[in-house]
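First comes the structure, then the notes that go with it.
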Amino acid sequence: MSRTMITSPAQVQKQTQQLEDSHQPMLLWHKLALGTVLAISVFFNFFALDKQDFFEYYYAASIKSMLLSWHNLFFAAFDPAGFLALDKPPLGFWIQMLSVRLFGFSVFTILLPEALAGVLAVAVMFHLVRRVFGPLSGLIAALALALSPISIATNRTNIIDSLLVLAVLLATWLVNKATETGHLRWLCLCAILLGLGFNIKYLQAYMVLPAFGLAYWLGSPLPIRTKLYHCAVALGILLLISLCWVTIVDLTPTNQRPYIDSITTQSELDLAFGYNGAFRLNADDNVVNNWAWEIGRPGIARFFGQPVAGQCSWLLPLALFSLLALNKSKQRRLPLNRQDQALVLWGTWLFTLLAFFSSAHFFHLYYLSMLAPAIAALVGAGIVMMWHDYCRYGWRGWLLPCSLLLTGITQALFLTAFPMWSNMLAMVITACSVVLALMRWQRFPHSRARQQFSRKEASRVKQYKKANQHTVDSNSTITVEQRLQQAAMTIVTLGVLSLLLAPTAWAAIPLNPQSRVIPMAGPPVPQTHIPPLIADPVLLNYLLDHKGKAQFLLATMNTEAASPFIVDTSLPVMALGGYSGITSFLTREQLIQRIDHGLVRFFLLPESNDQTASWVFSHCRKVPTKQWQSRINTKFSVDALTLYDCSGHS
């Protein structure tokens, strides 16, 4: 925290000018602190990463398949034969595939790009906040992102959201450059990055568009016509980059490309704007009820109930107070200055995502990693601004103790299931807030009266003191003021660190699970205990001995059962019903044709009402379990399934 003592309106103006200077130098301790924050991020993202398991074997199997042919690579095929394609765009998986190509196939090499992206995102966050609000704000923002529980949980899996967050943060830097300079090239580069983000996670990349557009429109110094022209060019580039791959896939005849998972129309455009778009907002009640254990029910209240609160809401009250602290201009003039641009950007980002996640009927917890940068940036900028206000006269000086107190109470409520943690945190934060309030009251007992001082009156007081040579009294007063300010600084630091304890603990709990878990920070809930995906070696040997010249090792109803066989053998496995495994992509006639042509012989299926699967049940021979299933107690992905042999079907 700055140690500048502010006791007059002239000093207030001088300090404000210093805050608006975007070229504050990096001191040695700033650089050391940044190195420490990056080291913390490296630790949380890489600790025991080689002992992790895949969360999505579905994606790991696709990486294996993409290594085998250019056709599989381009279409993001799930299986080596190119029967099924993923229900996500390919760019994030191409990056994972490149890592595997360079370093070999393993859990660590697939997780490496996500872990690196998490560390780089922290560095970019520091730069974004530092260039507007100074190094200290950048450090706090970087630390908040480095300790964000949901960010860490996502960075340690083969989920590609961390790559998207990095791409969006880089696009944020470019839109800031475009806004400040008015140069079209920066806006075009921003559009290219967002288009690449679309090819990582579809419409999730577009969540920041309202924030980018509003910040550019209000902050750019260009005439309206020029801004319209620039926005039109950038929008065209964005759509071109976004829809290039989608259009090529949709124009490819369906018999020359894989079936697209999770949809029936076989259109990537429908996948992007339907299943991965509108479906998230208007899924039916069955979906809402099925996933209520993970994300709660629609409404803003889901951010204040577990497990959502434990992923991203620890510092949310502090971020909202920061918006109030940063909103200082009474009469704004266009174009906005840098601080107001940042306020519009991060504030719009925050409220856009809060609105979406509050109203969405279906999403996974790791989607919330998109919310973490906005919270971190506002917290970093807001704490420093509230500290400066705390050192001045006026009602804004009470924002700091109030924000710490309210955030501490909110965190204590999140921790009600852990009374010891909750009580200790509540006591520490309450004590810090009360002491800060008392110290401020002691320093500024007549703040209302002192606020009436004009610059002339303050100057007269200064000249009077100089004329009467009251240097001793003045120095003693300054010494007392400095001591009070240093004590307050220590208490604020203690309070902020206390608010980071709970999210740090939540992020650290699942660091070394040595098992397959859902990307979620904090204590695991029963639904997060996912059985390991292991291909039964006895079944694998049986299939290799009996499949003959069949192209597919076997066929299953879903990717859950198929994935471990692809990962272990690199052989084609047909997932008839895709990820959900509810309805087969093949009709009865299409399946019979494939069997008659010798493409597939064995089917490993659960009980199902699907018509295609029913044909297998009635026309193929059950293979006795003693011939193909292990008798040991290990849980395999084939438990409770039945193996059918369709050779010479009746």
Side-chain angles (χ1 to χ4, degrees), residues 19-20 22 124-125 127-133 137 141 164-165 167-198 203-243 277 319-320 322-357 370-371 373-378 380-382 385:
L19 284 175
E20 291 177 351
S22 61
V124 175
M125 173 58 65
H127 174 72
L128 290 174
V129 178
R130 181 245 174 178
R131 67 192 302 273
V132 179
F133 297 100
S137 293
L164 175 61
V165 170
V168 170
L169 285 175
L170 291 172
T172 304
W173 173 65
L174 292 172
V175 79
N176 285 339
K177 294 283 289 183
T179 303
E180 295 162 6
T181 63
H183 293 159
L184 178 59
R185 64 175 179 270
W186 297 114
L187 197 61
C188 292
L189 289 173
C190 174
I192 291 173
L193 266 180
L194 281 184
L196 295 176
F198 181 88
L203 290 179
Q204 193 172 333
Y206 286 179
M207 287 182 174
V208 297
L209 276 180
F212 285 11
L214 195 58
Y216 180 77
W217 189 261
L218 298 179
S220 176
L222 300 174
I224 292 179
R225 288 186 179 181
T226 306
K227 285 193 285 189
L228 285 173
Y229 168 70
H230 285 187
C231 289
V233 172
L235 181 60
I237 293 175
L238 174 62
L239 294 177
L240 177 65
I241 300 298
S242 297
L243 302 179
L320 295 175
S322 298
L323 282 172
L324 184 59
L326 295 171
N327 186 20
K328 306 189 71 170
S329 301
K330 295 182 179 179
Q331 295 181 349
R332 290 187 172 85
R333 295 181 179 179
L334 299 182
L336 298 178
N337 59 40
R338 277 191 172 185
Q339 289 195 2
D340 286 339
Q341 291 171 26
L343 174 64
V344 170
L345 174 69
W346 298 114
T348 306
W349 184 329
L350 176 67
F351 285 116
T352 300
L353 269 72
L354 286 177
F356 171 80
F357 288 121
M370 283 288 290
L371 188 62
I375 294 176
L378 288 171
M385 187 63 69

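Taking the side chain as every heavy atom from C-beta outward, L320 and F351 approach each other to under 4.5 Å. In this structure, the side chains of L169 and P373 come closer than 4.5 Å at one or more pairs of heavy atoms. The shortest distance between side-chain heavy atoms of L238 and L209 falls below 4.5 Å. Between L194 and V208, some side-chain heavy-atom pair lies under the 4.5 Å cut-off. Between L323 and L350, some side-chain heavy-atom pair lies under the 4.5 Å cut-off. Between S322 and M385, the closest side-chain pair of non-hydrogen atoms is not below 4.5 Å. Taking the side chain as every heavy atom from C-beta outward, L174 and L170 never approach each other to under 4.5 Å. Between Q339 and K328 the shortest side-chain heavy-atom distance does not fall below 4.5 Å.
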Candidate pair F356 and T352, rule side-chain contact (heavy atoms from CB on, under 4.5 Å), full reasoning: CA-CA 6 Å; F356 171 80; T352 300; 5.7 Å; no

Test log, rule side-chain contact (heavy atoms from CB on, under 4.5 Å), inputs W346 and L128: CA-CA 11 Å; W346 298 114; L128 290 174; 4.1 Å; yes

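Listed for the T348 side chain is no donor-acceptor partner under 3.5 Å among the backbone atoms of A211. At distances below 3.5 Å, not a single donor-acceptor pair connects side-chain atoms of T226 with backbone N or O atoms of L222. Distance alone, capped at 3.5 Å, places no donor-acceptor pair between the K177 side chain and the W186 backbone. Side chain of W349 to main chain of M370: a donor-acceptor pair is present (N/O by atom type, distance under 3.5 Å, no hydrogens or angles). Listed for the Q341 side chain is no donor-acceptor partner under 3.5 Å among the backbone atoms of A215. Remark: the backbone N or O of R131 is paired with a side-chain donor or acceptor of R338 at under 3.5 angstrom.
Taken to the nearest 0.5 Å, the CE atom of M207 stands 4.5 Å off from the CZ atom of F357. Rounding to the nearest 0.5 Å gives a distance of 13.0 Å between CZ of R333 and CG of D340. Expressed to the nearest 0.5 Å, how far CG of L235 lies from CG of L228 amounts to 12.0 Å. Here L203 contributes atom CG and S242 contributes atom OG; the two are 9.0 Å apart, rounded to the nearest 0.5 Å. In this structure, OG1 in T179 is found 10.5 Å from CG in L214, a value given to the nearest 0.5 Å. Atom NE2 of residue H230 and atom CZ of residue R225 lie 14.0 Å apart, to the nearest 0.5 angstrom.
The 12-atom threshold is exceeded at CG of L334, counting heavy atoms of other residues, nucleotides or ligands nearer than 6.0 Å.
In terms of heavy-atom proximity, C188 sits nearest to I237 at SG-CD1, 3.4 Å. The two residues A381 and S137 come nearest to each other via the heavy atoms CA-OG, 3.8 Å. Smallest separation of non-hydrogen atoms from A205 and G197: CB-C, 3.4 Å. Taking all atoms of both residues into account, the shortest heavy-atom contact from L326 to F133 is CD2-CE2, 3.7 Å. In terms of heavy atoms, K227 sits closest to W217 at NZ-O, 2.7 Å. Nearest heavy-atom pair, A234 versus A191, reported as atom, atom and distance to 0.1 Å: O-CB, 3.3 Å.
The ring pair (Phe, Tyr, Trp, His ring centres under 6.0 Å) check on F198 picks up Y202, Y206, with sequence neighbours excluded.
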